[in-house]
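Residue numbers start from 1 in every chain, and the chains themselves are labelled A, B, ... in the order their sequence lines are given, proteins ahead of strands.
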There are 2 protein chains.
Amino acid sequence: MSAGIRHDDLRRRNRAMVISAVRRAGQPSRTEIAATTGLSHSTISAISSDLIGEGILSESKANEAISLKRGRPQVGLALNPEAAAVLTVVLSLNFLSVAVIDYAGQVIAEEQRRLDTLTMPRDELIGECTAIVRRRLEDPDLDVQSIARIALAIQGITDSHARAMLWSPITPLTNIAFADILEGEFGIPATMENDCNMMAVALRWRDPDRYRDDFIAILLSHGIGMGLVLKGELFTGTHSSGGEFGHMIHRPGGALCRCGRRGCVEAYAGNYAIWRNAKQMGEDAEPVADVSDADMRALAARAREADGPEREAYRKAGEALGFGLGSLFALIDPAPVAMVGVSAGAFDLIEPALREAIAQTAGGQHSGSISFDTEPNELPLIREGCAMQALSFVDQEIFAPGTQIRAGSKKSVA
Amino acid sequence: MSAGIRHDDLRRRNRAMVISAVRRAGQPSRTEIAATTGLSHSTISAISSDLIGEGILSESKANEAISLKRGRPQVGLALNPEAAAVLTVVLSLNFLSVAVIDYAGQVIAEEQRRLDTLTMPRDELIGECTAIVRRRLEDPDLDVQSIARIALAIQGITDSHARAMLWSPITPLTNIAFADILEGEFGIPATMENDCNMMAVALRWRDPDRYRDDFIAILLSHGIGMGLVLKGELFTGTHSSGGEFGHMIHRPGGALCRCGRRGCVEAYAGNYAIWRNAKQMGEDAEPVADVSDADMRALAARAREADGPEREAYRKAGEALGFGLGSLFALIDPAPVAMVGVSAGAFDLIEPALREAIAQTAGGQHSGSISFDTEPNELPLIREGCAMQALSFVDQEIFAPGTQIRAGSKKSVA
DNA sequence: CTCTATTTTTTCGAGCCTCGAAAAAATACT
DNA sequence: AGTATTTTTTCGAGGCTCGAAAAAATAGAG
């Protein structure tokens with residue numbers, strides 16, 4: 001249970017503070033770091049000199065803009081791009097992509113591939129993933145030793161220990177321990193992340209002012225997913241990645257959902273549901289396997305043109321999302337929302353009904369003050385979140401003396 | 001933002017560990033504390049000798065049962081009951097109760113009072129609260145100086161800073177900053193807590209095995225409330241006490257809820273809703289102000305006797321709770337549930353429909369493994385939770401050197 | 001071009017804190 | 001009475017952070 005703080009934990013934690021301050025701030029001077037961490041200048045000086053000696057940080061002749069000031073100019077501290085690297089794998093419907101990212105967060109290599117995830121047998125799916133990773137690792141330009149971590153993101157439910165995919169809409173297969181598989185194959189620590197959680201992580205890095213301590217990222221795609229940050233931390237369920245917003249019950253016994261149950265939010269707001277309603281196929285119609293983004297955009301265009309079943313379909317989606325968000329807000333209070341995915345591009349069609357629905361719920365009091373951002377393209381967000389998640393892990397490993405540091409660096413000698 | 005750890009924080013935190021280890025374990029020996037905290041024997045020895053010197057802990061000639069062992073017998077450490085005391089105030093529908101609790105957690109005085117909260121004007125309600133507290137503080141048997149904290153719990157929504165009641169079903173009044181009022185009046189730090197959150201706190205102290213890191217306490221009373229513990233911490237909303245499970249939407253546009261909206265879980269499962277359905281008054285009927293516990297018990301008895309509208313009313317309540325829990329489980333995954341309040345005594349009537357509903361939701365996969373506890377009497381739980389919450393605050397104040405310690409104790413001199 | 005003011009960074013000794021090992025204390029068993 | 005065993009305290013060593021002072025590096029003034 002509650003662990004006491006050992007004396008040597010102190011340095012560990014404060015190293016952590018310094019590294020994360022540098023990652024957040026870009027090129028802060030030692031003085032700035034001292035200010036944000038609350039530690040003394042002497043401490044920051046000692047720690048950063050250690051980190052530079054270990055090749056984790058490097059001095060960069062800093063902000064020329066501010067060098068107009070008097071005194072001794074600040075020396076910016078930056079992450080040394082060569083200190084380590086991470087590899088991200090994003091597995092989504094019929095699509096697999098990997099990227100290699102250096103310690104400073106820059107993409108240094110990538111590869112993408114189409115594949116038929118829905119019909120692929122287990123071995124083949126796993127094989128494709130390991131193969132694409134292996135190809136990247138065998139790249140002669142890459143120092144394999146520097147790859148410190150792999151983060152794999154997938155649509156669907158992952159376990160709360162970030163080891164396995166439990167269930168995913170992109171494949172009928174279940175319980176694939178991707179993290180263990182990749183670790184076993186390549187001997188590099190790996191984690192298995194939920195795509196929407198990675199979206200949330202990315203949003204926070206992109207716009208820390210708007211997405212700080214509490215916010216919601218909702219994926220409006222074939223299915224409905226959610227990434228939730230509460231009190232500054234990624235929210236996960238007790239056993240799984242949790243936050244299955246799409247499968248909150250909107251109408252008990254209602255429309256047939258892809259998950260086999262009835263009345264889920266997704267059964268009204270997922271692409272297949274909007275499609276089904278627009279085509280007036282009835283709520284019991286079996287969900288179609290996939291609707292292309294182009295088809296969805298065409299559907300939205302038609303809905304904008306005339307008040308027909310297409311517009312009504314988007315209205316129903318908005319209503320379901322609104323009541324769902326209302327129930328969510330009853331639990332966590334309102335927070336900024338980012339709508340991501342192809343249907344976020346049709347948010348103009350969704351928003352009126354959504355706001356009307358929210359107004360009828362507990363969140364309704366603040367209905368006006370709730371603001372929505374839209375971002376139609378989810379893949380870059382997911383990849384970015386994966387990268388930052390993996391890099392944060394590496395940061396932690398680096399200041400944990402117990403762990404072998406894989407970067408080609410030697411300890412400074414006092 | 002992220003604060004570094006100063007050198008003097010170390011002692012503070014480790015003192016915290018020791019105190020909370022003692023509060024949890026009852027009368028642990030120094031060796032046991034060392035084991036649970038992971039700190040060395042020397043450190044525990046130093047800290048506990050400080051704490052004893054300051055009058056916070058005391059040695060108690062420990063477990064005679066274990067003194068059969070060889071070696072030097074363990075000396076149990078106990079909280080010194082006189083180190084401080086706290087005062088709890090529980091304000092519920094037409095009922096106000098206070099208790100004074102010593103540092104070891106024993107009730108040393110209490111007082112209860114009926115009052116008409118629904119019609120009472122603002123000044124009077126506040127006046128009643130301050131008056132009952134003043135009476136306790138003026139008790140000649142009590143050392144006023146020792147009262148280190150006041151915790152006030154109320155049914156309804158409180159703000160996330162534990163300062164004010166925002167809204168409550170027990171009064172039409174809103175936005176009463178009880179914590180500030182009591183602090184101003186008596187000069188004793190006070191907090192304003194949500195009743196269901198305090199239930200959850202109490203459950204954890206009562207049965208730490210069952211209610212550890214993740215669990216749900218649901219109040220089935222006139223209204224429906226929830227206290228939620230996730231990852232070992234009390235879950236609150238971003239702005240308010242949050243966790244308004246009762247106002248998640250069960251059926252959009254459905255039955256009229258006491259909150260003025262439609263289709264909330266509470267509009268089917270609150271006492272007034274069960275009453276309304278049992279009396280076949282229609283879902284639009286204005287909720288009655290109060291139903292006595294005796295009436296509810298009579299209703300449950302009739303429902304058990306024959307399959308009439310009463311039984312159907314409980315079935316609907318179960319359905320609403322089941323779908324609500326199902327949606328909640330979609331977000332947080334299933335967790336142990338405690339049903340508290342008068343209708344928890346009728347859980348046999350509620351459970352079948354509840355389980356059936358859950359089975360139709362995302363939580364359904366684990367439907368069988370979800371276990372429910374029942375506790376018909378909420379008041380003792382709330383009071384107990386309040387006491388532990390207040391005592392935990394005092395624990396924190398005691399190891400924070402910045403704070404003036406109000407207990408009559410002097411620092412040990414080295 | 002030199003000197004001064006200013007700001008950043010490093011150095012150094014002081015003061016704490018935790019730890020491990022050893023000693024001391026307190027009991028049961030023989 | 002002596003020995004084994006377990007708990008608790010003592011003590012010196014090693015680390016860490018801090019504040020103050022020194023050193024470093026620049027802009028502006030004369």
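- Residue A:Ile44 is the one, among A:Ile44 and A:Gly71, whose nearest nucleotide of DNA chain D lies closer to the 5' end (criterion: closest heavy atom).
- For the pair B:Arg30 and D:dT9, the criterion of a side-chain N or O lying under 4.0 Å from OP1 or OP2 is met.
- Here A:Ser49 does not reach the OP1 or OP2 of C:dT10: none of its side-chain N or O atoms lies under 4.0 Å away.
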With sugar-phosphate taken as primed atoms, P, OP1 and OP2 and all else as base, the protein-contact string of nucleotides 11-16 of chain C at under 4.0 Å (heavy atoms; B, S, -) is B---BB

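- For B:Pro73, the listed nucleotide lying nearest its side chain is C:dT27; candidates were C:dT9, C:dT27, C:dC19.
- Spacing between atom CE of B:Met17 and atom P of C:dC17 amounts to 17 Å, rounded to whole angstrom units.
- Checking the phosphate oxygens (OP1, OP2) of D:dT5, no side-chain nitrogen or oxygen of B:Arg72 falls inside 4.0 Å.
- If you take CZ of A:Arg6 and P of D:dG14, they are 17 Å apart, rounded to a whole angstrom.
- As rounded to whole Å, 12 Å separates atom C1' of C:dT8 from atom CG of A:Leu77.
- For the pair A:Ser48 and B:Leu39, nearest-nucleotide mapping onto DNA chain C gives the more 5' position to A:Ser48.
- Between A:Arg23 and A:Asp395 there is a salt bridge, since a side-chain N of the basic residue sits under 4.0 Å from a carboxylate O of the acidic one.
- With rounding to whole Å, A:Leu10 atom CG is found 19 Å from D:dG14 atom P.
- Note that the OG atom of B:Ser45 and the CZ atom of B:Arg30 stand 6.0 Å from one another [nearest 0.5 Å].
- Around atom NE2 of A:His41, more than 12 heavy atoms belonging to other residues, nucleotides or ligands sit under 6.0 Å away.
- A:His7 meets the ring pair (Phe, Tyr, Trp, His ring centres under 6.0 Å) test with B:His7; sequence neighbours excluded.
- Rounding to whole angstrom units, CZ of residue A:Arg70 and P of C:dC3 are separated by 16 Å.
- The nearest whole Å value for the distance from the CZ atom in A:Arg12 to the P atom in C:dT18 is 16 Å.
- Listed pair B:Asn14 / C:dC17 fails the phosphate criterion, with no side-chain N or O lying under 4.0 Å from OP1 or OP2.
- Regarding A:Asp50, its CG atom lies at a distance of 10 Å from the P atom of D:dT17, rounded to whole Å.
- Spacing between atom CD of A:Glu32 and atom C1' of C:dT7 amounts to 13 Å, rounded to whole angstrom units.
- Taking the ring centre of A:Tyr211 as origin, the terminal cationic atom of A:Arg204 falls outside the region bounded by 6.0 Å and 45° from the ring axis.
- Taking CG of B:Asn197 as the start and SG of B:Cys386 as the end, the distance is 10.5 Å to the nearest 0.5 Å.
- Between B:Arg149 and B:Glu397, at least one side-chain N (NZ, or NE/NH1/NH2) sits under 4.0 Å from a carboxylate O, which counts as a salt bridge.
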